[in-house]
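Written out below as structure tokens is the structure these notes cover.
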Amino acid sequence: MPVDAHLLAAFTLSTVIALVTPGPDMLFVLGCGMRGGARAGLLATAGVITGDALYIVAAAAGLAALLTAFPVVFTVLRIAGAAYLIHLGVQMIRRRRRSQAGDQVAGGMPGRRAFLNGVVSSMANPQTFAFMAAFLPQFIDPAAGPVWLQFAVLGGVLIVLEFLADGTVGVLAGRIGGWLRGREAVRRRMDAATGTVFIGLGVTLATDR
């Protein structure tokens, strides 16, 4: 086995605890599910996971040292990601004034948009990369086998668990949101609430050090 069994068990438990605690990714998926339905929630989850997978590969490749040496990169990513999330939130709040029929023609939140927004949201949060670079090595034993293979195994476990956790939230939010979207007044409040969540995430990302 490429990963020590005890370390793998500890990693799995730690990851589960971290994932059940609501964070930016879960809130993002929740908002997409409420706005676009269960499919959008799942595709938003897939987008977030895609971004996380790229960060895992980057961490395994040793880019953590590079970004640590040039912290301005973190700042640029953080500000860009914050601006994007705030932009999404503002657009959702503005759309709340549209009629229900007009919203249906516009397609709500298409699956492709939910996926791409998920990728951007994940990649725009450099703290995700910092977490991967700091968290995963704690459960790697160089004596147990190739380090890159251990990164791959642990990263795979993390992605599967994250998909189960965030995907469940996205589907449930989509089911509830689908029922609520049939009611015009509630739909408008949903748009405003979802937009507010995105703006809040953007502000948090911009101000978090």
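- Both V153 and V16 are assigned to one and the same hydrophobic cluster, defined by single-linkage of ILVMFWY side chains at heavy-atom distances under 4.5 Å.
- Between the OG atom in S14 and the CG atom in L158 there is a gap of 11.0 Å [rounded to 0.5 Å].
- Taking CG of L154 as the start and CZ of F139 as the end, the distance is 8.0 Å to the nearest 0.5 Å.
- Closest non-hydrogen pair, A40 versus C32, comes out as CB-O, 3.8 Å.
- Hydrophobic clustering keeps L161 apart from L172 (ILVMFWY residues linked when any side-chain heavy atoms are closer than 4.5 Å, directly or through intermediates).
- Shown here for L19 and A165, the closest heavy-atom pair between the two residues is CB-CB, 4.3 Å.
- Rounded to the nearest 0.5 Å, atoms CG (L42) and CD1 (I49) are 9.5 Å apart.
- Considering all non-hydrogen atoms of both residues, A53 and I159 come closest at CB-CD1, 3.6 Å.
- Of all non-hydrogen atoms in L30 and A173, the two that sit nearest each other are CD1-CB, 3.5 Å.
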Item to check | Check against side chain to side chain contact (heavy atoms under 4.5 Å, CB included), V57 and F151 | outcome: CA-CA 8 Å; V57 172; F151 258 105; over 6 Å; no
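- Residues F28 and D166 form no side-chain contact, since every pair of their non-hydrogen atoms from C-beta on lies 4.5 Å or further apart.
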Item to check | Test log, rule side chain to side chain contact (heavy atoms under 4.5 Å, CB included), inputs V119 and F115 | outcome: CA-CA 6 Å; V119 175; F115 175 80; 3.9 Å; yes
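- Partner E162 forms a side-chain contact (heavy atoms from CB on, under 4.5 Å) with one of D52, T45, V157 and no other, that one being D52.
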